[in-house]
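This report refers to the structure that appears directly beneath it.
In listed order, ligands and their atoms are each counted from 1. Heavy-atom basis, side chains included; hydrogens, waters and symmetry copies ignored. Keep in mind that this is a model prediction, so the values were computed, not measured.
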Amino acid sequence: MSTPGAFGATGHSCVIVGASAAGVAAALAMRGEGYGGTVTLVDADPHLPYERPPLSKGLLGEGEDSTGLVPIQPAPVYDDLGIVLRLGERVVGIDPAGLSVRLSGGDVLGCSRLVLATGVAARRLTTPGADAANVLSLRDAADAVRLNAQLARGGPLVVIGAGFIGLELAAVARRHGIEVTVVEAQPHPLASVLGPEVASLLTELHRGHGVRLLTGVTVTEFLGSAAGVEAVRLSDGQRLPAATVVVGIGVRPRTELAASARLDTDQWGIPVNEFGQTSRAWIYATGDVASQPHPHLTARGRLEHWEAAQRHGAAVGSTIGGSPVRYTDPPYAWSDQYDTTLQIIGRPRTGDDFVLRQGAEPGRFLAFWLRRGRVAAAAGMGVARDVGAVRRLIAGEVPVDGLALSDPGLDLRRTLKQHTMRHTVPTVRKGAA
Ligand SMILES: Cc1cc2nc3c(=O)[nH]c(=O)nc-3n(C[C@H](O)[C@H](O)[C@H](O)COP(=O)(O)OP(=O)(O)OC[C@H]3O[C@@H](n4cnc5c(N)ncnc54)[C@H](O)[C@@H]3O)c2cc1C
């Protein structure tokens with residue numbers, strides 16, 4: 001690896017737009033591969049790059065991070081590795097002919113490689129009143145500060161959307177005794193991700209903690225004054241009083257910059273090949289904004305989770321650094337709710353065989369989706385011990401028996417070990433007969 005003094009000496013330079021999970025991982029991996037050119041991370045957010053998952057878990061003083069943001073890396077790491085941070089600055093243009101980007105302050109940075117790690121933005125409602133001061137979403141540190149201040153005043157809280165963030169917020173608010181109603185247009189929470197069986201266990205979990213979870217309804221009207229929303233009207237006519245409303249109805253990819261440079265974009269984001277290259281070979285896209293041809297997706301799409309962003313970023317960084325890497329691991333996501341964690345590996349598909357381990361209860365279950373006699377995806381809550389084995393069963397495409405999997409007595413680690421032993425070619429020792 002190059003010494004710090006040599007950074008930038010090669011004539012190569014890389015600008016990474018977006019200093020979050022994917023962008024930072026890309027920068028670190030480039031240096032890990034010995035990339036000696038200038039590496040500049042630009043982010044519109046003014047803070048030292050920070051982790052987003054604690055933003056929803058650390059509200060109201062909860063979680064590991066009750067004092068501030070959790071940095072992705074301590075500040076000296078960037079200096080030591082010769083990674084230049086341009087924080088609080090937005091990239092406003094890409095010049096494909098000049099191989100450069102333009103920053104909001106007017107600076108132009110030349111770059112022989114460009115990485116777009118611009119992530120996603122929270123989707124907003126267009127219902128009149130949705131722009132009121134107490135109708136919030138949660139994507140970054142500034143959102144978290146606003147939401148924290150609102151929640152500290154007490155409830156009732158209305159959460160629109162029973163996705164990962166909506167459910168996490170409901171759990172945090174309930175722990176603080178705040179009255180919470182979650183409004184979901186689909187028949188179940190996380191229905192599109194996990195299917196009805198697992199979703200109904202989550203429903204029970206939240207209702208058991210006092211969340212009012214209303215499904216199959218939408219918001220038709222925000223009621224109140226210019227000072228703020230006081231209630232929410234639903235499609236079934238109900239009126240829900242609200243001191244705070246959080247909208248968690250999904251995200252949209254931040255593709256504006258890519259589109260302005262005439263890069264291809266699609267319904268999911270910026271399409272990339274298996275190495276993260278966009279329709280212009282010198283420009284890469286990574287993390288949540290990338291529309292990836294991942295083997296666990298039916299076609300291509302976004303993998304909107306921390307580990308996927310981080311690993312895809314690292315793969316792109318290694319590729320730019322000279323060691324091409326494909327990101328093909330089964331996607332993994334987690335979500336903390338109350339005192340337990342939901343973990344999801346792989347992506348269930350319509351047509352998979354569903355197996356729920358016997359004895360499932362809200363807050364403690366393990367479910368599998370089987371495809372061609374292999375575990376293609378799994379979701380568990382309160383079963384962290386088993387997750388490592390499940391990940392290896394999926395990655396190793398180990399043949400399994402659905403009936404056996406439903407038995408809570410089945411030792412998954414042993415199943416894995418037996419398979420590994422059967423498929424390991426015995427090594428022939430020198431001199432053996
Ligand atoms: C509140 C919250 C909780 C989460 N919890 C979990 C969890 O528990 N488990 C899990 O698996 N995942 C979780 N996630 C998802 C995970 O954090 C994301 O998948 C991950 O952050 C994606 O990283 P990214 O680098 O692709 O994009 P982002 O994190 O979206 O970062 C993109 C960055 O690009 C910057 N940017 C965009 N355009 C420009 C521009 N033109 N110029 C300069 N900068 C720009 C933005 O300011 C932003 O900092 C959570 C996300 C949020 C918001």
- Could you list which atoms of ligand 1 come closer than 4.0 Å to a heavy atom of E304? 19 (O)

- N or O pair under 3.5 Å between D43 and ligand 1: yes

- Heavy-atom proximity to atom 52 (C) of ligand 1 ranks first, among L55, V17, I165, for I165

- Query: With only distance considered, is D288 within less than 3.5 Å of ligand 1 through an N or O on each side?
  - Reply: yes

- Atoms of ligand 1, numbered as shown, that sit under 4.0 Å from any heavy atom of G287: 26 (O)

- Task: Considering the heavy atoms of V120, write down every atom of ligand 1 situated less than 4.0 Å from one of them.
- Result: 30 (O)

- Can W306 and E51 be counted as having a side-chain donor-acceptor contact under 3.5 angstrom? yes

- Query: Does an N or O anywhere in S20 fall below 3.5 Å from an N or O of ligand 1?
  - Reply: yes

- Message: I want to know if ligand 1 touches E307 in the polar sense, i.e. an N/O pair below 3.5 angstrom.
- Response: no

- Heavy-atom nearest neighbour of atom 32 (C) of ligand 1 within options S260, G18, A117, S335: A117

- Task: Please determine if V91 has a nitrogen or oxygen closer than 3.5 Å to a nitrogen or oxygen of ligand 1.
- Result: yes

- Message: Under a plain distance cut-off of 3.5 Å, with no hydrogens placed, do R52 and S20 share a side-chain donor-acceptor pair?
- Response: yes

- Message: Just to be sure I'm reading this right: ignoring hydrogens, which of E168, H305, K57 gets closest to atom 6 (C) of ligand 1? Compare them by their nearest heavy atoms.
- Response: K57

- Message: Would A21 count as a polar contact of ligand 1, with the cut-off being nitrogen or oxygen pairs under 3.5 Å?
- Response: yes

- What about S56: any of its N or O atoms under 3.5 Å from an N or O on ligand 1? no

- Query: Would you say ligand 1 has an N or O under 3.5 Å from any N or O of R254?
  - Reply: no

- Query: Does at least one non-hydrogen atom of E89 fall below 4.0 angstrom from an atom of ligand 1?
  - Reply: yes

- Could you find the nearest protein heavy atom to atom 37 (C) of ligand 1 and give me its residue, atom name and distance? T118 O, 3.3 Å

- Query: With atoms numbered from 1 as shown, which atoms in ligand 1 lie under 4.0 angstrom from a non-hydrogen atom of A309?
  - Reply: 22 (C), 23 (O), 26 (O)

